[in-house]
Amino acid sequence: MRRPSTLRGRIAAVAVVATAGWLAVLTVAFNAALGAQLRQQADTVLRTRAEAVASTVEIVTSGAVSVHDVRDDTTIDTGTWIFAGGRAVEEPPGGAALLGQASALTGVGERTVTTGGASPVRLFALPVTSQGQQAATVVVSLSLTPYRQTEKIAVVGSVLLALLLLVGVYLVVRVSTDRALRPVEEMTEQAGRWSADAADHRFGAAPRPAELDRLAATLDSLLDRVSSVLRHEQAFSDHLSHELRTPLAAMIAEISLLQSRPRDAAEFDRALPSVADAANRMTVILDTLMAAARTSAGGLPGRCDVGEVVQGLASRWSAPPELVVSVPAGTLAGVDAGMLERMLSPVLDNTRRYAHTQVRVVARIVAGQVRIDIRDDGPGLGADAAAHLFEPGWRADPHDGHDGAGLGLALVHRLAAAAGGSVRALDGGPGATVELSLPGT
C-alpha cells in the first residue's frame, strides 16, 4: 500500500490506523465481556430453575422419589427432567431428543454441558440429596439461541459503530488538519511570491499561533537571505556588465574605425592588438565566472601543485618589480590549476601597480589549509582599504588612470569562497599583503 504523499494525508492515515487498532481492541473486549455475561446469565437462570424444581422433590423414607405438584408450574417444568437413579420420574413434553444427554448427567453431581448444532441447548444437572446421599437429579435445559442472537447483534452493532467512528475520526482529522495547515500553505505561497516580486515584504510579528510564529520567523529569515543575495547579484551583475562593456566598447570602436575607410597595414597592426587585448579581458572575466559557477554547483574539487601554477605565472612576469617565489615543493591545493591561476592573476596585477621594487609570493601549509601570501613593498593598505578591497566596484583611487570597474579582486573573492577558501587583505605595513587560503589535499 502506497504511503500518502501529503502531510494531511499522513496525519489522517495515522489517526485512522491508531483509532482502528484501539477500536478493534475495544470491540473484541466488549464482545468477549458480553459473551461471558450472557453465559453467566444463562447459568443463573438454569440454577434458579433447577433449585425451584428441586424444592418440589421429596425423598420418602423408603428412598422413593415423589414430586409435589405446584400450581402454574408450566414455566419451571419446561425443559426439566427429574431422575431417580437413571430412571426419569418426570420429563418435559417433546424432551425425547435431549433425554440421552439429560440422563448422562445423573449421578455425577452438579454439571453443565452445552449441545452443538444450529440450535444449541445448555443443560444443568442439580443433585437432590437425602441423608448425605444423592437420591435424585434435576436436569434443566435452556435454549441458547436468543443469547447467541444477542451476541451476533452486538458484534454487528459494535463493528458498524466502530466503522462509523473511524469515518467520523477521518473526517474530523482531515478537516482539522486542512484548517490547521491552510495558514502554512498561504504563508508559503506568499513567501514564494514575495521572494520573486516583492523581496522587501515580511510577515513580521502579527498575532498568530506559536508554531506559525516560528514559521513566520524562519520564512522572514529566508526572505532576508534571498533579498541579500538578490541585492548582491544585482550589484555584481551591474559591475560585471560595466566591466564587460569597457573592453567590448574598445573592440567595437577599433572595428568601426577599421571599417570607416580603407586602412593600411600599419593601422591594422596598431588596432588588432587592442581588439585582441579586449577580447582576452572578456574571456578571462567569463571564464572566471563560469569556474565559480561550476564549483558552487557542487562539482568535484580539483587538485594542483601550487608551485607549478605560481612558476607559470612568474614565467610571464615582466620586471620591474621583481617577483620572488617561495613555495615548498609538493604544496598541493584542493582546486584545479586554472582556478588557482584566475585567483592569483588579479592579485598579482594589483600588486604590480603599487610595488616599488619587489612582489613576494609565499606559500605554506597551516592546519590543513594552503596559505598563499602575496606581498609588495608599496605604500601599503589602510584599514578602510583593507576592509573594502574585495567589494565589487570599489577602488582605492578612482582617478589612478587604471581601466576597469574594480571587479577583478571581487572575482577573486567569489572564486575563493566557491572553492571553500577565503581571501583577505591585511592592513598595516610595510607594503600590502593579500592572504589567500584554500583547502589542502
Side-chain angles (χ1 to χ4, degrees), residues 243 246-247 250 269-285 287-288 304-329 331 333 337-364 370-391 393-413 415-416 423-438:
E243 186 76 8
T246 300
D269 290 341
R270 288 193 301 270
L272 291 179
S274 298
V275 173
D277 180 67
N280 287 333
R281 289 175 58 188
M282 294 177 63
T283 300
V284 169
I285 293 172
D287 286 347
T288 300
C304 70
D305 189 307
V306 176
E308 292 181 1
V309 174
V310 176
Q311 290 296 338
L313 292 171
S315 66
R316 301 192 294 270
W317 183 274
S318 58
E322 179 188 9
L323 179 62
V324 178
V325 177
S326 176
V327 180
T331 303
M339 178 172 285
L340 179 58
E341 183 175 332
R342 293 187 186 100
M343 284 188 271
L344 292 175
S345 293
V347 179
L348 290 173
D349 289 342
N350 193 69
T351 56
R352 180 200 294 272
R353 290 197 304 272
Y354 294 101
H356 295 317
T357 61
Q358 188 181 83
V359 175
R360 295 183 62 87
V361 179
V362 180
R364 62 191 186 279
V370 176
R371 187 77 53 80
I372 305 173
D373 291 340
I374 301 96
R375 307 167 185 163
D376 64 59
D377 59 356
L381 293 170
D384 182 68
H388 299 284
L389 188 63
F390 297 98
E391 293 181 1
W394 188 88
R395 295 177 62 175
D397 183 5
H399 306 292
D400 60 1
H402 169 61
D403 289 339
L407 190 62
L409 295 179
L411 289 174
V412 174
H413 184 272
L415 284 174
V423 63
R424 62 173 181 161
L426 305 179
D427 60 345
T433 300
V434 172
E435 181 185 88
L436 175 63
S437 294
L438 295 171

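Every heavy atom of this structure was used, including side-chain atoms; hydrogens, water molecules and symmetry mates were not.
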I'd like to know if the side chain of Thr351 reaches the main chain of Leu348, judged simply by a donor and an acceptor atom lying under 3.5 Å from each other, with no hydrogens or angles considered. yes

Check this for me, if you would: do Arg364 and Asp373 make a salt bridge, where the nitrogen-to-carboxylate-oxygen distance has to be below 4.0 angstrom? yes

How long is the gap from CG on Leu426 to CZ on Arg375, to the nearest 0.5 Å? 9.0 Å

Any idea which heavy atoms bring Phe390 and His413 closest together, and the distance? CB-CB, 3.9 Å

Which pair of heavy atoms, one from Pro328 and one from Ala363, lies closest together, and at what distance? CD-O, 3.1 Å

Taking every heavy atom of Ala337 against every heavy atom of Cys304, the minimum-distance pair comes out as N-CB, 3.6 Å

Do Val423 and Met343 make a side-chain contact, defined as non-hydrogen atoms from C-beta onward lying under 4.5 Å apart? no

Would Ser437 and Arg371 count as having a side-chain donor-acceptor pair, cut-off 3.5 Å? yes

Test item: Ser318 and Arg352 side chains (from C-beta on) under 4.5 Å apart, heavy atoms: yes

Got a second to check how far Leu436's CG is from Leu340's CG, nearest 0.5 Å? 7.0 Å

About how many Å separate CE of Met339 and CG of Leu415, when rounded to the nearest 0.5 Å? 5.0 Å

Can you find a heavy atom in the side chain of Gln358 that is under 4.5 Å from one in the side chain of Val324? yes

Taking all non-hydrogen atoms of both residues, which atom of Ala386 and which atom of Ala425 are closest, and how far apart? CB-O, 3.7 Å

The criterion is side-chain contact (heavy atoms from CB on, under 4.5 Å); which residues satisfy it with Asn350, sequence neighbours excluded? Arg353, Tyr354, Leu409

Between Val347, Leu323, Leu313, which is the residue that forms a side-chain contact (heavy atoms from CB on, under 4.5 Å) with Val361? Leu323

Here the gap from Asp305 atom CG to Thr331 atom OG1, rounded to the nearest 0.5 Å, amounts to 7.0 Å

